[in-house]
Chemist: 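Sharing a structure below in structure tokens format, with a few things to ask.
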Amino acid sequence: MEIQLLGPVAAYADDAPIPLGPRKRRYLLGLLALEVNRALPVERLIDLMWPLDPPRTAVHAVRVCASDLRAALQGRAEVEAVDGGYLLRADPAAIDAHRFRSLVASANGTGDDLRKVPLLDEALALWRGDPLAGVVPVAVRDQVCQGLTEARLAAADDRADALLRLGRHAELLHELTATVGAQPLRERPAAQLMLALYRAGRVPEALEAFEAHRRILADELGLDPGPDLERLRLGILSRDPALDRPASRPMQLPAAIRGFAGRDADLATLDDLHAGGVHLVTISGTAGVGKTSLALHWAHRRADRFPDGVLHANLRGFDTTGPVPVINVLRDFLTALGVAPPEGTDALAAALRSRLSGRRLLMVLDNAGSAEQVRPLLPGTPGCLVLVTSRNDLTGLVAADGAVPVPLDLPSVAGARRMLALRLGAKVDADPAAADDLIAACARLPLALAVVAARAATSGLSLRELAVELADLDAFGDGDPVTDVRAVLSWSYRAVGGPARRMFRLLGLRPGPSFTVAAAASAAGVTPGEAGRLLRELASANLISCGPRFANHDLLFWYAAELAAADPDAAVGRRRLLDHYLHSAHANAGVLDVFRDPLSLPPPVDDVPLDLVEDDAAALAWFTAEYQALVNAVSVAADAGLDEHCWQLACVLTEVFERLGRWEDWAAVHEAGLAAARRAGDRAAQARCLAGSGRAAMWLRSWEAAHERLREALIMYAEVGDLDGLARTHHNIGYLIEHQGGDLAGALRHSQKALDLFRACGDEPGEARALNAVGWYETLLGRPADAVVHCRTALDLLRRLGDRRTEAFTTDSLAHAYLAQGEVRRAVDCLEDAVATMVALGDLFHEAELADHLGDAYARLGDTDAADRAWRRALGRLDGLGHARAATIRDKLSRPCSPSC
């Protein structure tokens with residue numbers, strides 16, 4: 001199917017026209033096709049289809065029109081009702097307007113005029129008249145098709161420029177004369193006609209073309225020709241050789257930087273971009289990451305591909321003395337190209353564009369501070385390649401000038417090792433472990449590696465001695481502002497505004513390697529909107545990397561931490577950050593388990609913004625992303641003397657540790673929380689931490705420690721009169737006894753005690769869980785009939801409460817009771833339901849646990865293929881979580897036969 005918009009609106013299938021019906025239907029097709037695969041609200045469609053006086057029945061009319069259009073296009077394209085609007089779902093390549101834009105983009109992406117001209121010829125041949133002709137009023141067409149019309153004019157101008165560069169001026173004369181006659185106010189076709197006439201030896205006619213353009217501008221607009229056209233006239237009068245012969249070939253590259261290595265992928269990227277005709281590339285990255293090294297190394301390797309030479313300038317965008325004035329760079333470039341520089345920045349920029357037109361030249365602009373510093377230096381037409389390096393992302397060049405960004409990250413460990421080896425040779429081979437320690441101490445930052453390599457070469461110290469020496473940034477300071485890493489980092493820091501600098505400092509307080517907008521807003525005490533703006537400013541300066549999460553490498557983190565230590569807002573910022581992590585974790589743990597052990601928290605200070613999620617999968621993803629920050633926050637709180645934050649954070653993370661199988665972290669964090677609760681003299685808090693510590697010891701199979709901690713918790717809960725805490729601890733002791741392989745009758749007694757206590761304090765979720773535990777132990781003790789009764793009672797209560805997760809656990813217990821009674825098929829059905837519930841909840845850990853049980857049940861049934869599928873499902877989930885219990889499943893899969901054999 002083909003839809004035509006570049007002229008009268010029409011649609012064809014197999015070269016036969018599709019009957020579209022009345023004008024309004026074709027009108028709607030045109031509007032939807034312009035925005036193919038994007039929904040247009042009904043209100044917008046009404047505004048466009050009845051711009052002056054929409055009828056009261058306009059909404060109905062649009063619906064009818066859409067319905068009729070859907071029928072007309074049936075089987076070829078879809079008209080869908082989406083979110084209060086309509087969308088045309090079709091292949092953009094089937095619509096001439098989108099095919100036109102694609103061809104123009106391909107033409108603009110090639111630096112080869114021999115390829116460009118046929119692409120533009122094909123694109124322009126798609127036009128059959130005004131876009132949406134015959135269905136859309138002129139005022140609406142000007143509104144919705146202005147970009148297309150301008151793109152058509154630009155494509156025609158680009159084609160003429162390419163033909164002029166190819167020396168095909170004679171064949172352009174008739175076409176340009178017609179274009180200027182139809183569009184007499186446009187300067188670019190007038191200049192092209194003048195140049196074509198001049199190169200054809202028709203100088204008087206070229207000058208007359210200028211006079212004709214000057215007169216019509218004066219008569220119609222009261223304006224004079226622009227400076228570019230005036231310079232072209234003067235060039236024609238003076239027979240300027242720049243108009244008909246190439247410029248001299250400058251070669252301005254400084255020497256390549258010694259010791260370059262580890263950037264093969266980035267060099268390949270630059271090769272691909274150049275081969276694809278890209279004309280502007282921005283290489284961005286943090287201070288010292290090797291942007292200049294990469295640009296110079298590539299430029300030296302590929303200089304032979306630029307027959308008109310290489311220009312180079314260090315723009316010094318971040319120097320303490322300020323950036324190089326762009327007017328100086330323009331003068332230098334024009335002088336190198338053999339052009340006498342005119343006066344004024346605009347005149348210089350125009351002269352540079354004129355000289356570069358039609359040339360194939362490489363321009364390396366190093367250390368740019370802003371897009372504004374670069375733009376006057378850019379060629380006006382493709383053919384040249386400009387490489388710009390900057391600590392900023394220069395998004396303005398990407399958005400407005402078509403630059404392709406190449407963000408430069410830290411090299412790999414192997415790449416960093418090659419960098420050191422090139423500089424230090426045998427020292428690296430003699431002690432590779434010390435070299436790796438040195439690389440880690442330098443955070444793989446090439447500038448730091450270069451500084452340290454120079455020190456190793458001149459000081460006589462071994463690599464091992466140097467690695468020990470690099471404990472902080474002071475080791476990098478040698479008094480040279482070019483190589484002092486702290487000084488280099490400070491240049492980027494000073495380049496951002498005061499609020500952004502404050503944000504950067506306070507982010508040095510963060511407990512984890514990455515952070516969100518809400519965490520940054522909490523640290524600085526600003527709104528998320530303001531935090532987002534400041535983070536974008538910092539990211540633009542490459543002081544942080546942009547996310548969805550944000551981060552920076554270790555040297556920048558250390559630098560921020562140094563600055564934070566002297567910030568008067570540090571203590572308040574730390575408290576806000578801890579509040580952010582505590583309250584976000586508490587809320588999201590509630591998503592993981594609505595019926596968890598309740599914890600009452602005071603409100604956060606200053607209404608700090610939180611990171612909140614809505615479902616289990618999102619909660620687990622958040623905890624996984626924030627895991628290191630949350631664990632570190634416990635010790636940060638302890639070190640800051642914020643004991644309440646310390647033990648509360650430990651307690652809210654309990655469910656996370658269990659889900660992720662991080663037993664050692666669980667134990668360490670709860671020991672820290674217990675110490676904090678003891679310092680605070682809070683016995684209720686001590687009881688909670690003792691209980692959590694006991695559960696962690698159980699998973700670590702430290703049986704004695706587990707029993708000791710849980711017994712202490714019982715005593716302390718009894719002292720403070722917390723029946724619910726007592727019930728939960730008895731429940732946990734029963735679980736401990738079972739896992740230890742001990743007295744199952746004792747486990748059952750603890751579960752029954754928990755059941756009585758939960759009922760006494762009115763904790764129905766706890767009661768249901770205790771009923772499940774009682775049923776489980778009854779099965780293990782050979783009383784499956786009693787177990788079925790208790791499990792079904794628990795299921796009735798859980799369904800009323802809406803606790804689907806515990807319902808799945810209890811269904812698992814019921815399945816085991818059925819297995820004990822020999823009802824294996826009923827057990828399999830129960831376990832299939834339980835696994836499906838965990839899938840629906842997005843609970844990967846417990847899905848794995850229940851899939852493991854399902855595999856066991858299938859093995860009992862004799863279906864080894866189904867058993868393997870269930871175990872592999874469990875293994876996949878546990879491996880994805882990095883969970884310690886994956887080894888148990890792997891062992892089952894490695895057996896020559898099923899557990900029932």
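Values below: all heavy atoms of this structure, side chains included; hydrogens, waters and symmetry mates excluded.
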Chemist: When you look at CG of D891, are more than 12 heavy atoms from neighbouring residues, nucleotides or ligands closer to it than 6.0 Å?
Modeler: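 Atom CG in D891 is crowded, with more than 12 foreign heavy atoms closer than 6.0 Å.
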
Chemist: Check step by step if side-chain contact (heavy atoms from CB on, under 4.5 Å) holds for W703 and L736.
Modeler: CA-CA 8 Å; W703 309 122; L736 167 61; 3.6 Å; yes

Chemist: F557 ring centre to R510 NZ or CZ under 6.0 Å, with the angle to the axis within 45°?
Modeler: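 Because its charged atom sits under 6.0 Å from the ring centre and within 45° of the axis, R510 does stack over F557.
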
Chemist: Give a yes or no answer on whether the side chain of T269 reaches the backbone of A265 with a donor-acceptor pair at less than 3.5 Å.
Modeler: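 Yes: the side chain of T269 pairs with the backbone of A265.
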
Chemist: Side-chain donor-acceptor pair under 3.5 Å between T516 and D611, yes or no?
Modeler: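 Indeed, the side chains of T516 and D611 share at least one donor-acceptor pair under 3.5 Å.
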
Chemist: If you take all heavy atoms of V636 and R574, which pair is closest and at what distance?
Modeler: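 Of all heavy-atom pairs spanning V636 and R574, the closest is CG1-CD, 4.0 Å.
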
Chemist: Verify, without hydrogens or angle tests, whether T654 (side chain) and C651 (backbone) share a donor-acceptor contact under 3.5 angstrom.
Modeler: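 Yes: the side chain of T654 pairs with the backbone of C651.
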
Chemist: I want to check something: taking the side chain as every heavy atom from C-beta on, are V591 and E614 in contact at a cut-off of under 4.5 Å?
Modeler: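 They are not in contact (no side-chain heavy atoms under 4.5 Å apart), so the answer is no.
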
Chemist: For E658 and W666, does a side-chain donor sit closer than 3.5 Å to a side-chain acceptor?
Modeler: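 W666 and E658 do not have a side-chain donor-acceptor pair below 3.5 Å.
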
Chemist: Does the pair E823 and R860 meet the rule for a salt bridge (charged side-chain N to carboxylate O under 4.0 Å, His left out), with working shown?
Modeler: CA-CA 10 Å; E823 299 180 67; R860 281 277 303 274; over 6 Å; no

Chemist: Got a donor-acceptor contact below 3.5 angstrom from the S635 side chain to the N632 backbone?
Modeler: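 Pair found, side chain donor or acceptor close to backbone of N632.
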
Chemist: Are the side chains of E644 and D682 in contact, using a 4.5 Å heavy-atom criterion?
Modeler: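 Sidechains of E644 and D682: no contact.
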
Chemist: Any heavy-atom pair between the side chains of D803 and E807 that's under 4.5 Å?
Modeler: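 The answer is no, as the side chains (C-beta and beyond) never meet within the 4.5 Å cut-off.
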
Chemist: For L771 and R759, work out which heavy atoms get closest and say how close.
Modeler: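 Heavy atoms of L771 and R759 come nearest at CD2-NH2, 3.9 Å.
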
Chemist: Does any donor atom in the side chain of Q648 or H586 lie under 3.5 Å from an acceptor atom in the other side chain?
Modeler: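 Judged by distance alone, the side chains do not pair up.
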
Chemist: Under 4.0 Å between a side-chain nitrogen and a carboxylate oxygen: does that hold for D763 and R728?
Modeler: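 So D763 pairs with R728 through a salt bridge.
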
Chemist: Between R711 and E708, is the closest basic N to carboxylate O distance under 4.0 Å?
Modeler: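 Looking at E708 and R711, the cut-off is not met.
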
Chemist: With the threshold set at 4.0 Å, does a side-chain nitrogen-carboxylate oxygen contact exist between R89 and E78?
Modeler: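 Result for this pair is no, no salt bridge flagged.
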
Chemist: Any luck finding a side-chain donor-acceptor pair between T729 and H750 under 3.5 Å?
Modeler: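 Short answer, no.
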
Chemist: Angle between ring planes, H816 versus H853, binned at 30° and 60°: parallel, tilted or perpendicular?
Modeler: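 Because their plane-to-plane angle is over 60°, the rings of H816 and H853 count as perpendicular.
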
Chemist: Give a yes or no on whether the backbone of A848 and the side-chain of D852 come within a donor-acceptor separation of less than 3.5 Å.
Modeler: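 Checked: no pair found.
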
Chemist: So, for V824 and A857, which heavy atoms are closest and what is the spacing to 0.1 Å?
Modeler: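 The answer is CG1-O, 3.7 Å.
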
Chemist: When you compare the side chain of V634 with that of W647, does any pair of heavy atoms fall below 4.5 Å?
Modeler: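 The answer is no; the side chains never approach within 4.5 Å.
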
Chemist: Which heavy atom of C830 sits nearest a heavy atom of A815, and at what distance?
Modeler: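 Here C830 and A815 meet closest at CB-CB, 3.8 Å.
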
Chemist: Grab the two heavy atoms, one from S813 and one from W776, that are nearest each other, plus how far apart they are.
Modeler: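 Residues S813 and W776, closest heavy atoms: OG-CE3, 3.7 Å.
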
Chemist: What heavy-atom pair brings P784 and A817 nearest, and what distance separates the two atoms?
Modeler: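 That would be CB-O, 3.6 Å.
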
Chemist: Run the ring pair (Phe, Tyr, Trp, His ring centres under 6.0 Å) check on Y735 and H739 step by step: do they pass?
Modeler: CA-CA 6 Å; Y735 203 43; H739 274 258; 4.5 Å; yes

Chemist: Could you go step by step and tell me if Q686 and V720 meet the side-chain contact (heavy atoms from CB on, under 4.5 Å) rule?
Modeler: CA-CA 11 Å; Q686 290 176 53; V720 299; over 6 Å; no

Chemist: Measuring only between side-chain heavy atoms, which start at C-beta, is V631 closer than 4.5 Å to F657?
Modeler: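 Yes. Closest side-chain heavy atoms under 4.5 Å.
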
Chemist: What distance separates E664 CD from L700 CG, expressed to the nearest 0.5 Å?
Modeler: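 That separation rounds to 5.0 Å.
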
Chemist: How about T811 and D833: does a side-chain donor come under 3.5 Å of a side-chain acceptor?
Modeler: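 Side chains of T811 and D833: no pair found under 3.5 Å.
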
Chemist: Any side-chain to backbone donor/acceptor pair from R709 onto L690? Under 3.5 Å, distance only.
Modeler: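 Not a single qualifying donor-acceptor pair exists.
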
Chemist: Under 30°, 30 to 60°, or over 60°: which ring-plane class applies to W663 and W699, parallel, tilted or perpendicular?
Modeler: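 The rings of W663 and W699 lie parallel, inter-plane angle below 30°.
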
Chemist: Please determine, by modelled atom types, if Y858 and E832 share a side-chain donor-acceptor pair under 3.5 angstrom.
Modeler: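 The criterion, which ignores hydrogens and geometry beyond distance, is satisfied for E832 and Y858.
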
Chemist: Atom CG of L748 and atom OG1 of T779: how far apart are they, to the nearest 0.5 Å?
Modeler: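 Between atom CG of L748 and atom OG1 of T779 there are 10.5 Å.
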
Chemist: Give the intermediate values and the outcome of side-chain contact (heavy atoms from CB on, under 4.5 Å) for residues R873 and V835.
Modeler: CA-CA 11 Å; R873 178 183 198 153; V835 171; 3.8 Å; yes

Chemist: Could you state the interatomic distance from CG (L850) to CE (M838), rounded to the nearest 0.5 Å?
Modeler: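 Taking CG in L850 and CE in M838, the distance rounds to 5.0 Å.
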
Chemist: For side-chain contact (heavy atoms from CB on, under 4.5 Å), just list the numbers for Y717 and R688, CA-CA rounded to whole Å, side-chain angles, deciding distance to a tenth of an Å, and then say yes or no.
Modeler: CA-CA 8 Å; Y717 274 129; R688 296 180 74 103; 3.5 Å; yes

Chemist: Quick one about H645 and D579 (side-chain donor to acceptor, distance below 3.5 Å, no hydrogens or angles considered), yes or no?
Modeler: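 On atom types as modelled, these side chains qualify, holding a pair under 3.5 Å.
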
Chemist: Is a donor from one side chain sitting under 3.5 angstrom from an acceptor on the other, for Y627 and D665?
Modeler: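 D665 and Y627 do have a side-chain donor-acceptor pair below 3.5 Å.
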
Chemist: Any chance the side chains of R576 and S522 put a donor and an acceptor closer than 3.5 Å?
Modeler: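 S522 and R576 do not have a side-chain donor-acceptor pair below 3.5 Å.
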
Chemist: Run the salt-bridge test on E626 and R549 with the 4.0 Å N-O cut-off and return the result as yes or no.
Modeler: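 Salt bridge: yes.
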
Chemist: Check the side chains of S693 and E671 for a donor-acceptor pair under 3.5 angstrom, ignoring hydrogens and angles.
Modeler: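 Judged by distance alone, the side chains do pair up.
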
Chemist: Do other residues, nucleotides or ligands put more than 12 heavy atoms under 6.0 Å from R38 CZ?
Modeler: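 At most 12 heavy atoms, drawn from other residues, nucleotides or ligands, come within 6.0 Å of this atom.
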
Chemist: Counting C-beta onward and ignoring hydrogens, is there a side-chain heavy-atom pair between L535 and I544 closer than 4.5 Å?
Modeler: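 Yes, close enough: below the 4.5 Å cut-off.
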
Chemist: Checking salt bridge (charged side-chain N to carboxylate O under 4.0 Å, His left out) for the pair D812/R805: CA distance, chi angles, key distance, verdict?
Modeler: CA-CA 11 Å; D812 174 55; R805 181 174 288 102; over 6 Å; no

Chemist: Using a strict cut-off of less than 4.0 Å between a Lys/Arg side-chain nitrogen and an Asp/Glu carboxylate oxygen, indicate whether R877 and E849 qualify as a salt bridge.
Modeler: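 No, no charged N to carboxylate O under 4.0 Å.
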
Chemist: Taking the basic N atoms (NZ, or NE/NH1/NH2) and the acidic carboxylate oxygens, is any pair closer than 4.0 Å for D868 and K892?
Modeler: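 Here D868 does not pair with K892 in a salt bridge, since their nearest N and O are not under 4.0 Å apart.
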
